[in-house]
Amino acid sequence: MRHGILGGAFNPPHIGHLVLAQEALVRLELEAVTFMPMGHAPHREIRDDPGADVRVELCEAAVAGDDRLRVSILETERDGPSYTVDTLRALKKKAAKDELFWILGGDQAAQLRSWRDPAVTERGAWRRAGVHVALSGLRGAQRIVYFDMPGIAVSSSLVRRRAARGEPIRYLVPDQVAELIEERGLYRAAEAVAASS
């Protein structure tokens, strides 16, 4: 099975994540893409984090109705930091015959040091040439597969800011995600506390 893994905080998942997954499915001829919400980020704080369980639930709501998209709790159920190398080892052990593709944006890919078969799409200022230069001479860089996707100027931080201000987030996130954010008042309290500090 050709299987893509899309990792991230997904705080919250938005239409850009879904478009990226769709384009990876088509361009890389994948059979499935799994959203892999991180548990404890090893190198950064997850801002306004409602908790790993909530981010998993938001991902499940985002992919509902598309059988090609899945959600894994592999990283969120693991104790300690979520290191990608540990995740890849666990995935390979679980599905030894699958051909795995770790899907990254250009900004994340430019920070790679030794990855196996990452798939990269341009993101923000990070274009192919810049990513290629950043990775030149690194082990495995020649195996990177680039693919195009439509430009989507939506980010999780934009969605959180709009939710905090009570602005509409419909069409920036799937309807089920917007409903969960509204029902639970996600991202409002954290932003209000930060603004008053």
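This structure is a prediction, so every number in the text was calculated from the model and none was measured.
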| message | A quick test of your reading: do over 12 heavy atoms of other residues, nucleotides or ligands sit less than 6.0 Å from CG of D86? | response |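 Enclosed: over 12 neighbouring heavy atoms sit under 6.0 Å from CG of D86.
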| message | I'd like to know whether CD of E45 has more than 12 heavy-atom contacts from other residues, nucleotides or ligands below 6.0 angstrom. | response | no
Considering non-hydrogen atoms only, spot the tightest contact between [X] and [Y] and give its length.
| X | Y | value |
| --- | --- | --- |
| G39 | I46 | O-CD1, 3.9 Å |
| P37 | C59 | CG-SG, 3.8 Å |
| P150 | E23 | CD-CG, 3.9 Å |
| Y187 | A164 | O-CB, 3.6 Å |

Would [X] and [Y] pass as an ion pair if we require N to O under 4.0 Å?
| X | Y | result |
| --- | --- | --- |
| E179 | R184 | no |
| E99 | R2 | yes |
| R188 | E182 | yes |

Flag the pair [X] / [Y] as yes when at least one side-chain heavy-atom distance between them is below 4.5 Å, and no otherwise.
| X | Y | answer |
| --- | --- | --- |
| N11 | R160 | yes |
| R55 | P12 | no |
| L18 | L69 | yes |
| R162 | L158 | yes |

| Between I103, L91, L30, V33, which is the residue that forms a side chain to side chain contact (heavy atoms under 4.5 Å, CB included) with I5? | L91
| task | Scan V19, V173, I169, V159 and name whichever one has a side chain to side chain contact (heavy atoms under 4.5 Å, CB included) with V154. | result |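 Output: one option passes, namely V159.
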| message | Please tell me whether T34 and H3 have a donor and an acceptor in their side chains that are separated by less than 3.5 angstrom. | response | yes
| field | For I73, all residues meeting side chain to side chain contact (heavy atoms under 4.5 Å, CB included), sequence neighbours excluded | value |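 Here the qualifying residues are V56, T76, E77.
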Same hydrophobic cluster for [X] and [Y], using side-chain heavy-atom links shorter than 4.5 Å among ILVMFWY?
| X | Y | result |
| --- | --- | --- |
| V63 | I181 | yes |
| V177 | F35 | yes |
| F10 | L58 | yes |

| said: Closer than 3.5 angstrom, by distance alone: can the side chain of R68 be matched with the main-chain N or O of A32 as a donor-acceptor pair? | reply: no
| field | K92 side chain to D98 backbone, donor-acceptor under 3.5 Å | value | yes
| task | Show your reasoning for whether side chain to side chain donor-acceptor pair (under 3.5 Å) applies to S156 and R47. | result | CA-CA 10 Å; S156 294; R47 294 191 50 141; over 6 Å; no
Roughly how far apart are [X] [atom1] and [Y] [atom2], rounded to 0.5 Å?
| X | Y | atom1 | atom2 | answer |
| --- | --- | --- | --- | --- |
| K94 | L74 | NZ | CG | 5.5 Å |
| D175 | R170 | CG | CZ | 5.0 Å |
| R27 | L20 | CZ | CG | 12.0 Å |

